There are 2 protein chains.
Amino acid sequence: MDQDTATLRRFNRTYTQRIGALDESFLGTGRPLGVTRLLFEIGYDGATVRELRDRLDLDSGYLTRLLRRLGDDGLVDVHPDPADRRRRVATLTPAGRNAWRDLDDRSEELARAIVGPLTTRQRERLTEALSTADLLVRAATVHLREVSPTDPVAREAVGRYFAELGRRFPRGFDPGEPDHAGTFLLATSDGEPVAFGGVQHLSDETGEIKRMWVADDWRGAGLGARMLRELEALAARLGHTRVVLDTNGTLLEAIAMYDRAGYTAIERYNDNPYAEHWFAKELTAPR
Amino acid sequence: MDQDTATLRRFNRTYTQRIGALDESFLGTGRPLGVTRLLFEIGYDGATVRELRDRLDLDSGYLTRLLRRLGDDGLVDVHPDPADRRRRVATLTPAGRNAWRDLDDRSEELARAIVGPLTTRQRERLTEALSTADLLVRAATVHLREVSPTDPVAREAVGRYFAELGRRFPRGFDPGEPDHAGTFLLATSDGEPVAFGGVQHLSDETGEIKRMWVADDWRGAGLGARMLRELEALAARLGHTRVVLDTNGTLLEAIAMYDRAGYTAIERYNDNPYAEHWFAKELTAPR
DNA sequence: TCCATTCTCTGACCATAGTCAGAGGATCGG
DNA sequence: CCGATCCTCTGACTATGGTCAGAGAATGGA
């Protein structure tokens with residue numbers, strides 16, 4: 001662990017010193033950094049002022065002024081959102097699009113300047129290392145929280161889960177009546193749901209882990225194992241001493257993961273028509 | 001190449017969003033960022049004002065004011081350097097050391113928060129990826145320049161080169177009379193010499209590559225191959241159409257590198273008592 | 001219909017970061 | 001010992017980034 005933080009901190013030093021320059025592509029455009037970042041964030045498709053405030057975490061007064069500055073320079077139009085006339089939408093003018101492309105070019109150029117001196121082989125190694133680091137850093141900083149099953153993002157996660165079951169089960173999958181019983185955890189990254197799962201009360205002793213799902217492009221990042229640990233911890237907090245779960249035979253990776261996590265196969269404990277395997281694990285007090 | 005810059009840029013986004021927080025450990029100490037960075041940079045051992053100005057690239061007036069602020073807070077003492085009384089030296093007071101340790105702790109804590117949610121296996125992968133990326137990013141951003149052989153940093157590089165030959169040759173190595181003929185390239189990283197080499201005029205046609213050296217901890221980063229390429233380009237600029245070099249049998253990696261770079265073995269062309277192998281390469285016009 | 005809330009904007013304000021010109025003492029080379 | 005240069009400091013100034021309180025229009029729920 002000390003080794004790991006030392007490497008991270010060392011890398012951080014190298015990185016800010018040497019590649020921090022990538023962000024300085026935002027400088028030297030004759031416009032201050034804040035304004036430029038805003039321009040870049042508005043992007044080709046435009047965005048509501050509200051979104052911008054959230055994404056860049058800016059004070060509303062401050063943002064208004066930044067937007068006006070971009071407006072005065074003829075780069076951005078701000079007009080009311082027809083759907084909700086309290087809201088305003090910022091879009092790039094043609095000149096704004098040019099400025100945006102210019103920023104994008106600068107950034108690309110700087111990236112080339114960094115990658116350029118390397119041999120092909122080294123570039124490949126760097127790209128591979130950065131992809132790995134990217135995935136893991138994103139996995140490590142995923143935001144996990146308890147949600148109500150009616151939370152819109154949670155609904156979307158459940159929808160994707162059911163859709164996947166539909167694709168993977170030979171005879172499809174019918175979710176039946178919506179069932180909102182239980183306590184749920186949602187993992188998000190940049191606001192997108194990336195993992196989901198819940199614990200349902202079966203008895204005082206036993207909780208059932210259900211609807212565990214990890215987004216396609218996040219598999220292999222250990223997110224499933226982490227979600228499982230968190231769900232077990234949640235079950236323990238809810239007073240259970242044992243968790244059970246069921247799964248279908250087509251979900252091979254899931255079965256392998258339960259196995260690694262210390263689950264043991266048990267007899268059928270429910271009448272779920274899609275279930276083919278049942279597992280249980282005793283919860284011991286953490287540490 | 002596009003793939004590589006795309007990965008770099010994507011990583012940069014992830015990184016600034018998620019780990020940029022590491023630098024924010026410098027915030028929330030009740031002191032502004034600039035002052036805090038300065039405090040950290042002074043470090044346990046103190047530093048001259050001159051050094052600080054160079055390292056942080058600050059205006060001298062601005063730096064004076066930052067230092068006074070730290071002085072007023074009782075964290076730093078500034079007193080004239082006895083060796084050169086124009087210069088002033090900044091050192092941390094006991095309170096300053098506490099503040100410094102506090103910063104270090106915060107930074108460590110943040111690194112732990114990032115690395116913490118990962119499994120041991122993932123941490124290992126991340127650490128490995130970041131080490132690789134660190135090495136390659138540093139290699140890619142090494143600063144290469146032509147130097148006079150009497151340049152102090154160049155002298156140091158040559159000293160280390162001779163020291164290594166002394167260690168590696170079975171009967172040691174005697175550099176003999178200092179010989180400053182030739183044109184030299186020096187690669188530095190953070191001001192430290194990391195690679196060195198020169199081209200000496202043998203005839204109008206032929207240049208000799210000599211004193212090529214790469215620092216221990218930079219081997220395997222492709223720096224040798226890059227230096228060799230740069231020296232060949234230098235020889236071409238100097239008007240040569242062919243380069244030769246000699247080497248000792250104990251320098252196995254070097255020999256392998258010359259081989260990969262397209263050098264072919266030739267007959268002894270000099271009376272260097274330490275040389276056991278001689279190589280040559282025809283220079284074709286670049287591109 | 002009314003009240004609470006949401007969204008954006010305005011004005012007033014402040015700290016931080018940074019630039020520039022020049023003063024004055026210390027040092028160095030000839 | 002003189003002039004050039006180096007190093008630091010001072011004063012005057014500017015831009016950037018940001019906070020806060022509140023106004024006013026639009027919306028949504030009871």
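A quick note: this is a predicted structure, and the numbers were derived from the prediction, not measured. Here is the naming used below: chain letters follow the sequence lines, and residue numbers restart at 1 for every chain. Because only heavy atoms are used, hydrogens play no part in the values below, and waters and symmetry mates are left out as well, while side chains stay in.
To the nearest 0.5 angstrom, B:Arg88 atom CZ is 12.0 Å from B:Thr48 atom OG1. Atom CG of residue A:Asp4 and atom CD1 of residue B:Ile114 lie 12.0 Å apart, to the nearest 0.5 angstrom.
Annotation for B:Asp57: atom CG does not count as buried by contact number, only 12 or fewer foreign heavy atoms lying within 6.0 Å.
Closest approach to the A:Asp59 side chain among D:dT16, D:dC20, D:dT8 is made by D:dC20 (side chain taken as heavy atoms from C-beta onward). The side chain of A:Arg88 lies closest to C:dT8, out of C:dT16, C:dT8, D:dT10.
In this structure, B:Tyr44 and B:Trp100 have perpendicular ring planes: the angle between them is above 60°, well past the 30° mark. Between A:Phe11 and B:Tyr15, the angle of the ring planes goes over 60°, which puts this pair in the perpendicular group of the 30/60° scheme.
Taking 4.5 Å as the limit, every side-chain heavy atom of A:His201 sits out of range of all side-chain heavy atoms of A:Leu238. Within the 4.5 Å cutoff, the side chain of A:Asp216 has no heavy atoms near those of the A:Arg160 side chain.
Looking at residues two or more places apart in sequence or on another chain, you find no ring pair (Phe, Tyr, Trp, His ring centres under 6.0 Å) involving B:Trp218. Evaluation of the ring pair (Phe, Tyr, Trp, His ring centres under 6.0 Å) rule for B:Tyr62 yields no partner, not counting sequence neighbours. Shown here are the side chain to side chain contact (heavy atoms under 4.5 Å, CB included) partners of A:Asp45, two or more places apart in sequence or in another chain: there are none. Residues passing the side-chain hydrogen bond (donor to acceptor under 3.5 Å, both in side chains) test with B:Arg237: none are found, sequence neighbours excluded. Under the side chain to side chain contact (heavy atoms under 4.5 Å, CB included) criterion, B:Asp84 pairs with B:Arg86, B:Arg87, sequence neighbours left out. Residues passing the side-chain hydrogen bond (donor to acceptor under 3.5 Å, both in side chains) test with A:Arg50, sequence neighbours excluded: A:Asp54.
Contacts between residues 69-80 of chain A and DNA chain D, defined by a heavy-atom separation under 4.0 Å, are made by A:Arg69. Contacts with DNA chain C (heavy atom under 4.0 Å) in residues 41-52 of chain A: A:Val49, A:Arg50, listed by number.
Atom pair B:Leu63:CG and C:dG18:P shows a separation of 12 Å (rounding to whole Å applied). In this structure, A:Arg87 atom CZ and C:dT5 atom P are separated by 19 Å, rounded to whole Å. The separation between B:Leu38 atom CG and C:dA17 atom P is 11 Å, rounded to whole Å. Rounded to whole Å, the distance from OH on A:Tyr62 to P on C:dT10 is 17 Å. As a whole-Å value, the separation of B:Leu67 CG from D:dC7 P is 16 Å. Atoms CG (A:Leu58) and P (D:dG18) sit 7 Å apart, rounded to a whole Å. If you measure from atom CG of A:Leu66 to atom C1' of D:dG18, you get 10 Å, rounded to the nearest angstrom.
One finds no side-chain N or O of A:Arg31 lying less than 4.0 angstrom from the OP1 or OP2 phosphate oxygen of D:dT16. OP1 or OP2 of D:dT8 lies within a sub-4.0 Å distance of a side-chain N or O belonging to B:Arg53.
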Heteroatom pairs (N/O) under 3.5 angstrom, protein to nucleotides 2-4 of chain C:
none

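At the heavy-atom level, A:Gly61 lies under 4.0 Å from base atoms of the strands shown.
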Cut-off 3.5 Å, no hydrogens considered: what does the side-chain donor-acceptor table look like for residues 66-79 of chain A, sequence neighbours left out?
{"unit_1": "A:Asp73", "atom_1": "OD2", "unit_2": "A:Arg31", "atom_2": "NH1", "d": "3.2"}
{"unit_1": "A:His79", "atom_1": "NE2", "unit_2": "A:Thr91", "atom_2": "OG1", "d": "3.4"}

Given protein heavy atoms under 4.0 Å, the one-letter contact record of nucleotides 22-30 of chain D, with B base, S sugar-phosphate only and - none, is simply ----BS---
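A donor-acceptor distance shorter than 3.5 angstrom exists from the side chain of B:Thr64 to the backbone of B:Ser60, with no hydrogens or angles considered. B:Ser131 places a side-chain N or O within donor-acceptor distance of the main-chain N or O of B:Thr127, the cut-off being under 3.5 Å.
A:Arg101 and A:Asn98 are linked by a side-chain donor-acceptor pair at a separation below 3.5 angstrom, with hydrogens and angles left out of the test.
Between the axis at the start and the axis at the end of the helix from C:dT1-D:dA30 to C:dG30-D:dC1 there is an angle of 30°, using five pairs per end and rounding to 10 degrees.
In the interface, the side chain of A:Arg65 is paired with the base of C:dG11 through a donor and an acceptor atom under 3.5 Å apart.
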